[in-house]
2 protein chains.
Amino acid sequence: MAEGVVTIHDVAREAGVSIATVSRALAGSTTVAAATADRVRRAAAALGYEPNRAARALVTGRGQSVGLVIPDLENPFYSSVAKGMQNRVRAAGLTAIIADTDEDVDREREVLGQLAADVDRMILASPRAADADLLALAARSRIVLINRSLPGVPAVTADNADGIRQAVGHLLALGHTRIGYAGGPATSWSDAERRAGLTVAVDAWRAQDRDVTIVDLGAFRPGPAGGVAAADLAIAEGVTAVLVFNDQLALGLLGRLGERGVGVPEAMSVVGFDDVPVARLLAPALTTVAVPAQRMGAAAVDLLLAEVPPEGAAARVPEPGPRVVPVELQVRRSTAQVPRG
Amino acid sequence: MAEGVVTIHDVAREAGVSIATVSRALAGSTTVAAATADRVRRAAAALGYEPNRAARALVTGRGQSVGLVIPDLENPFYSSVAKGMQNRVRAAGLTAIIADTDEDVDREREVLGQLAADVDRMILASPRAADADLLALAARSRIVLINRSLPGVPAVTADNADGIRQAVGHLLALGHTRIGYAGGPATSWSDAERRAGLTVAVDAWRAQDRDVTIVDLGAFRPGPAGGVAAADLAIAEGVTAVLVFNDQLALGLLGRLGERGVGVPEAMSVVGFDDVPVARLLAPALTTVAVPAQRMGAAAVDLLLAEVPPEGAAARVPEPGPRVVPVELQVRRSTAQVPRG
DNA sequence: ACCAATCCTGAAAACGTTTTGATTCGCGGA
DNA sequence: TCCGCGAATCAAAACGTTTTCAGGATTGGT
């Protein structure tokens, strides 16, 4: 902010037109003669004109930034999502406002309120808020959900059930019949979906007269600390394989298993979820369901920015349903055939 | 954005005063009678008034958001920095605009230009840009650097030299005399500082007539991929310990060492830098120099938001020098005594 | 030639705030 | 009684843009 800031008036003077024409020419609007538009563009470039976002926002009624609400930036999955979002947002010439809620529902409410004042478009990753609150928000702002689905609200979700299906299929193929599931927070929509997928997969297996028992190890905060608790439970329950809600948990679990002297994969197989960048670098490399986090973030932005249907035709346009992105099991070293005996 | 939005005019009407008075009362300004101020505040609260940021920004000449420029959100160190920044920014009632540069200098230039148009205060983490460009930017906007120092520009840096000193001290105490250094990008200021610290530490040791050789393994992109190249070099050079530019590199190095059948720490000790959250969870847990990333982010915000000295007194105020945050070696399992023979 | 239609452009209003000069009011001193 | 002064308030200007409305010029049809 200083003296040298060039406004639309300067461009207008330079080009010998009115500010209205400059505005139109630069907006690529119709109804401006090609020659004039060119002259304006040239003048703007020469002066290095940059429209003042605040002024534009004021008159258009808010607009050139989108909010990103993330549970925990230190969770690699979400930082990947954030990266994907931020990239796409900036590519669209907008700016990304980011907010971390620390996996806390109260903090989330607070953040949402604050953000709603600044921004009229936002992307919510794995929101913990109640359906009603989310719907109320959706009524005032344009929002897109990630890893949560709600009727009438556009969303991008991973194919959680299919991921679980792939994972248990893999484990069953290796001969495991007693499998633990270490879940995420009870409020997590993703966890609910994965549990549902789990029972479907298991039922299908049983329908073939095959044996399998799923041991619910409980719900854990999605950090490494939760994983160590899960590890002890897994050992106590005598399972030969553990399906884990996400890679963060798996990380802690793997560590604890090592401490307890339980070899992975010889004595215990472990399957994670997300395929965060470190997963392949662990020893043993983690078998996990790969979720394209960056792509999900980008997809959410696309959905958010997709042209809202013209007033009249609203009813005709297909409702923006949840975009379900495919996931794919990455088989690595943390899973092996069930130990004999 | 809709009908129900309440403006300063509504508050003024409700309180029976002019909008000017409302503005002053809410700003906590002087020259407004206590009774009036109270009445205004009550009215504002009753109506749920939220000042329009765009309008305010327009008249005050830009203002209520700060930009955060990060080389790579997927690098856990930076996502921690981002988390710390974002927290503090939001606590101050501002909003954080985030931008990822993909560790690319051209991308960084582009981002900087784009951001400078939106924001007049920004925090640059490990910028790759040339000194001159940074100074030019600092002249126009208020900026704070992280992990880079430049005369006249406020900055928060880690005590890189001390970190290296601690690390080599540890390695020397364990009997290592042939130590490899796997560096970061040549353009990295942090790497330059660490290399400088390295020669100082080594010289001090030699002054005591002790033997030590540092083998420069080269410069690597700061991702796990760089680490595998470094691992092969380390083996080829016959070092018994490797000091690594950052934990990301160490991750790749550890993995490659495992593949090559080189036991850590029995055959090779490894020391990382940063202490990203996964470092303690690896097998073996990584010995590394802990850098308080979140705190650095928060400190940068504090520096950025510190009141700029009143016009006149400019010369008297101590220049905001670099805040150097202390670092601390975390000794874990990836380092051990030098192997015999 | 004239009228209508089309195309382009400009003047001015509007957006919601902060801030700058007035202006009013009450009060103490002369 | 009058004057001046400080305190509290207000009306209006300004910020830089988009957008509406109206006007002027050019064209085409008759």
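Just so it is clear: chains get the letters A, B, ... in the order the sequence lines come, proteins before strands, and each one is counted from 1. We use all heavy atoms of the structure for the numbers below, so side chains are in, but hydrogens, waters and symmetry mates are not.
Within the 4.5 Å cutoff, side-chain heavy atoms of M122(A) are placed close to those of L112(A). Using a 4.5 Å cut-off on side-chain heavy atoms (C-beta onward), S126(A) and S188(A) make no contact. Within the 4.5 Å cutoff, side-chain heavy atoms of I146(A) are placed close to those of V81(A).
In the helix from dA1(C)-dT30(D) to dA30(C)-dT1(D), the end axes, each obtained as the rotation axis mapping the C1' atoms of four pairs onto the next four within a five-pair block, lie 60° apart to the nearest 10 degrees.
For the pair R109(B) and D104(B), the salt-bridge criterion is not met [side-chain N within less than 4.0 Å of a carboxylate O]. The existence of a salt bridge linking D302(A) and R88(A) is confirmed by a sub-4.0 Å separation between a basic side-chain nitrogen and an acidic carboxylate oxygen. Ion pairing of D102(B) with K83(A) is present here, as a side-chain N (NZ or NE/NH1/NH2) and a carboxylate O approach within less than 4.0 Å.
Annotation: side-chain contact (heavy atoms from CB on, under 4.5 Å) contacts of A299(A) (sequence neighbours excluded): V156(A). Among residues two or more places apart in sequence or in another chain, the salt bridge (charged side-chain N to carboxylate O under 4.0 Å, His left out) test is passed with R90(A) by none.
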Check nucleotides 4-7 of chain C for protein N or O atoms closer than 3.5 Å to its own N or O atoms and list the pairs.
none

Name the atoms and distances for all side-chain donor-acceptor pairs under 3.5 Å in residues 8-19 of chain A, with sequence neighbours left out.
{"residue": "D10(A)", "atom": "OD1", "partner": "R13(A)", "partner atom": "NH2", "Å": "3.3"}
{"residue": "D10(A)", "atom": "OD2", "partner": "T7(A)", "partner atom": "N", "Å": "2.8"}
{"residue": "S18(A)", "atom": "OG", "partner": "A20(A)", "partner atom": "N", "Å": "3.3"}
{"residue": "S18(A)", "atom": "OG", "partner": "T21(A)", "partner atom": "N", "Å": "3.4"}
{"residue": "S18(A)", "atom": "OG", "partner": "T21(A)", "partner atom": "OG1", "Å": "3.4"}

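Other residues, nucleotides and ligands contribute more than 12 heavy atoms inside 6.0 Å of the CZ atom of R39(A).
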What one-letter contact string describes nucleotides 11-19 of chain D from 5' to 3', where B marks a base within less than 4.0 Å of any protein heavy atom, S marks contact via sugar-phosphate atoms alone, and - marks no contact? B---BBBBB
